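Following: one structure in structure tokens, then a few remarks.
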Number of protein chains: 2
Amino acid sequence: MSSSSSGSSGSRIAQGARARARMEVTAAIKDEARRQLAAEGAAKLSLRAVARELGMVSSALYRYFPSRDDLLTALIIDAYDSVGESAEAAHAEAVDAEAGPVRRWVAVAEAVRGWALRHPHEYALIYGSPVPGYVAPQTTVPPASRVGLLLIGIVREAHHGGGLAELPPVPAELAPEAERMAADLAPDLPPAAVAALVAAWAQLFGLVGFELFGQFHRVVEDRERFFRHAVGRLACGVGLVEAER
Amino acid sequence: MSSSSSGSSGSRIAQGARARARMEVTAAIKDEARRQLAAEGAAKLSLRAVARELGMVSSALYRYFPSRDDLLTALIIDAYDSVGESAEAAHAEAVDAEAGPVRRWVAVAEAVRGWALRHPHEYALIYGSPVPGYVAPQTTVPPASRVGLLLIGIVREAHHGGGLAELPPVPAELAPEAERMAADLAPDLPPAAVAALVAAWAQLFGLVGFELFGQFHRVVEDRERFFRHAVGRLACGVGLVEAER
DNA sequence: TCCATGCAAGAGCAGTGCTCTCGATTGTGT
DNA sequence: ACACAATCGAGAGCACTGCTCTTGCATGGA
């Protein structure tokens, strides 16, 4: 933007052409890596091939990403942000349409599924098997939480708007854990609802993963309708009810 | 098949020392590969390292497995069989203990979870992201179905024993698909139960996968109890009720 | 016993992640 | 305006991978 020269008055972007170029090259590397990821999968993603396609030599790439795993980490964070953004957009749209809690829940779930079908390899990267010796750095936590936070928000709003049915309390042996989870995630919700919510969150991705990874092959054919029905029942299991209006 | 020649009196094992040696070497390769798989994960599994550890040269290994992917396929089939066997054993034990449908369901689910925790990399191999360009050959289908068939069997027995609650019928838009699935999987069960069962099947592995792949990190602490409760509710969702006796 | 088969060994190819060094370009401080 | 220093790209090189091909040996089956 504001080229600058002396002033550097503006924001911290465009602070020097060097940094700009670095950002651009970094973005180009990630773009090309994403292309190869979508084309061949994470295992076939090769630093040398990325560099080759960008017309540079492989060693130059290490100026931008210290290792292949670091490049993967960057792609993982972007993928979490991407699916989170899709889900948030779908949620906002449902809110604009004055949809009730169940329809909001289903909208978010369908957004996640749609994103997964559009980016199968990126989905595998974040919700499939983790790469071998790789441990996710703390940086990935906030982007990874976006979908979960969205689901929590739906349930919380339903609770305060009267759209959350009473759930049977959790059995005594789970009560401490449920209360701990509730305190951490949503202190204003009953522990039984939080426990059901966390389970539904995992189960939602079980449905998406099974479809994406081929376990529904020759089992479920009309996957879109099946998914909508299943996540609808999931919403009921959390206690969401479509408020009358 | 029929070995022919002279006697061949015995079973089809021990038909020639040559074939025997081949079987043994094949098993040794798979064992060593499984060790490396457990130690480092599928991506780090190297044909050369396996051969090196076995004291042979890498090219010799290709006499037994035409490619690395074929070795992986063999491990995948073994893994499906292994988890299926664990689940079946747990089910048989529950049957011996005269447990009702819900307890049988939970026993199978906990067996799957336990196996997954004991063999995380093998679990990732079969229920995580599929390997890049790899498509599972038809040979993997029967072993991959064992857990699913077990769950179907539990629901079917419950249905015939009066331990299956009536489920609300599926909405009209899903009725054809539910009927088709029922016809394929369990013609004696109501379509709504089959649809719920398939969904619960996927959701069960969603719970296991989220725990195994670290998504429950700092979210769920007492995972064993949480899992037991969640799969219990899953069983209820399918319609299973603990029969009084 | 003799032959043919099955098998291991070795060399070799193309590709990978990653390291190191060496010029050259570039931005900045004096 | 000049020189210094930081940054970056290129190239060579190491150790490793999956996989192929040929050669020679040992063994199993008749």
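Remember, predicted model here, so these are calculated numbers, not experimental data.
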(message) Does any part of the side chain of A/F210, heavy atoms only, come nearer than 4.5 Å to the side chain of A/V220, both counted from C-beta?
(response) no
(message) Just the rounded figure in Å: distance from P of D/dA10 to CG of A/L61.
(response) 11 Å
(request) Look at B/R35 together with B/E32 and state whether they make a salt bridge at an N to O cut-off of under 4.0 Å. (result) yes
(request) Indicate yes or no: at least one non-hydrogen side-chain atom of B/Q215 is less than 4.5 angstrom from one of A/W201. (result) yes
(request) Nearest whole angstrom, please: distance from the C1' of D/dT17 to the CG of B/L71. (result) 14 Å
(message) Are B/I29 and B/F65 packed together at the side-chain level, in the sense that at least one heavy-atom pair is separated by less than 4.5 angstrom?
(response) yes
(request) Using a 4.5 Å cut-off on heavy atoms from C-beta on, say whether the side chain of B/V25 contacts that of B/Y64. (result) yes
(request) Would you mind classifying the nucleic acid contact of B/Y64 as base, sugar-phosphate or nothing, using non-hydrogen atoms under 4.0 angstrom? (result) sugar-phosphate
(request) Starting at atom CE of B/M56, determine the distance to atom C1' of C/dG10, rounded to an integer number of angstrom. (result) 16 Å
(request) Quickly work out the A/K44 NZ to D/dT17 C1' distance and round it to whole Å. (result) 12 Å
(request) Go through A/S67 and A/D70 one step at a time and tell me if the side chain to side chain donor-acceptor pair (under 3.5 Å) criterion holds. (result) CA-CA 5 Å; A/S67 82; A/D70 288 86; 2.7 Å; yes
(request) Would you give a per-nucleotide map of nucleotides 12-19 of chain C, 5' to 3', where B means the base has a protein non-hydrogen atom under 4.0 Å away, S means only the sugar-phosphate does, and - means neither? (result) B---BBBB
(request) Please determine if a side-chain N or O atom of A/R22 lies less than 4.0 Å away from the OP1 or OP2 oxygen of D/dT7. (result) no
(message) Under 6.0 Å between ring centres: does that hold for A/Y80 and A/Y127?
(response) yes
(message) Quick check for you: among C/dG10, D/dT22, D/dC8, whose closest atom lies nearest to any side-chain atom of A/R63?
(response) D/dC8
(message) For DNA chain C, which residues of residues 26-34 of chain B approach it to below 4.0 angstrom with any heavy atom?
(response) none
(request) Count the heavy atoms of every other residue, nucleotide or ligand shown that sit under 6.0 Å from CD of B/E224, and state whether that count exceeds 12. (result) no
